[in-house]
Enquirer: 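Submitted below is the structure of interest, expressed as structure tokens.
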Amino acid sequence: MAENREIIVLKPVLKENVWGGRRLVTEFPYEAGEEHIGECWAVSAHPHGDCVIAEGTYAGKTLSWLYGEHRELFGALSAEQFPLLVKIIDAREDLSIQVHPDDVYVKEHEDCPFGKTECWYVMDCPENAQLVIGHHAQTRQELEDLIHQDKYQELIRKVPVKKGDFLQIVPGTVHAITGGMLILETQQNSDITYRVYDYGRLVDGKPRQLHVQQSIDVINVPDHADQKALSHTQGLPENSRNLLVDCDYYKVWKLSLRGSMSMEQEDPFLILSVLEGEGTVDGRKVSKGSHLLLPWGYGRLELAGKMELILSTAREDNAPGSRQ
Ligand code: ZN
């Protein structure tokens, strides 16, 4: 295995959203001029926000360029495009109720190679917070009726969440982030979203487009997603890579560091996202809001400090449609 010891540091892309807040610029080391910043795309090669490499050999190039030209830094991944997108979401207000299609549906209906499976780590939330996960309709006809009659309060399922909870959102699951949530999202590299309901809000004087028919096509019925979606990470062992999810597209771990530890980077690549605290990664200073990408073949790394981290990588077998 070649030794690739250069850590890739990316400049985040900040996104203005009608529902966004100010926390990404006041609590994190990110800069943006706009008033409502909803998302920080921290590790992204998506055409709507392709992160630029901040320093080192590839400074000034984008992540999509690096993935295209230097696949050796990403192991044996066969996906045509860099497969993951890691972002932090600051929801000042409720997000629209939405659903994502899977790889098979996008290949048929959209000009995009990936569907969207995503997962959320709750970095912060108000007391008694709830997220929208799944729905109560028992048949597709009932789903259609409730949507067409605007009976969203009867349709959607709300689940209580607290800081440190983790949710895996598979395609076909109705979901919504609610106001006051700060979330780290790890997702397939896709922004195909079907908006089911937007609370009748107006943006620039107009309601945002809804995708009612596509939503009815792709929503899982009946839906029991909430029973598998939610897990609690509070109280997991410190100084250990705790696996939160291992699905067809990515693996995600939580690491609560207290003091120091070392580990091996043996995945196609490894993203380290610092959610809280500060410390060092192989001597490099990192703190809340830092995201590092360690390439294939990086080998052993030393971590020190007091930090909460989410680690993520892509799965090898993520070719669209390869597994269902
Ligand atoms: Zn989503």
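In each ligand, atom 1 is the first atom listed, and ligand 1 is the first ligand listed.
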Enquirer: Can you find a side-chain donor-acceptor pair between Ser96 and Gln98 that sits under 3.5 Å?
Expert: yes

Enquirer: Strictly under 2.8 Å of the Zn ion (ligand 1): which protein N/O/S atoms qualify?
Expert: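 For the Zn ion (ligand 1), the protein N, O and S atoms that sit under 2.8 Å away are His100 NE2, Glu118 OE1, Glu118 OE2, His175 NE2.
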
Enquirer: Inspect the contact between Arg241 and Glu266 and indicate whether a charged nitrogen and a carboxylate oxygen are less than 4.0 angstrom apart.
Expert: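 Answer for the salt bridge query: no.
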
Enquirer: Looking at Val196, Ile169, Val170, which hits side chain to side chain contact (heavy atoms under 4.5 Å, CB included) with His175?
Expert: Ile169

Enquirer: Between Leu311 and Leu257, is there shared hydrophobic-cluster membership here, with clusters defined by ILVMFWY side-chain heavy atoms closer than 4.5 Å?
Expert: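 Both belong to a single hydrophobic cluster.
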
Enquirer: Below 3.5 Å, can you tabulate the donor-acceptor pairs from side chains in residues 179-187 to any protein atom, sequence neighbours excluded?
Expert:
| from | atom 1 | to | atom 2 | distance (Å) |
| --- | --- | --- | --- | --- |
| Glu185 | OE1 | Trp120 | NE1 | 2.8 |
| Gln187 | OE1 | Lys87 | NZ | 3.2 |
| Gln187 | NE2 | Ser190 | O | 2.8 |

Enquirer: Please check if any side-chain donor atom of Glu118 sits under 3.5 Å from a side-chain acceptor atom of His100, or the reverse.
Expert: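 Short answer, yes.
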
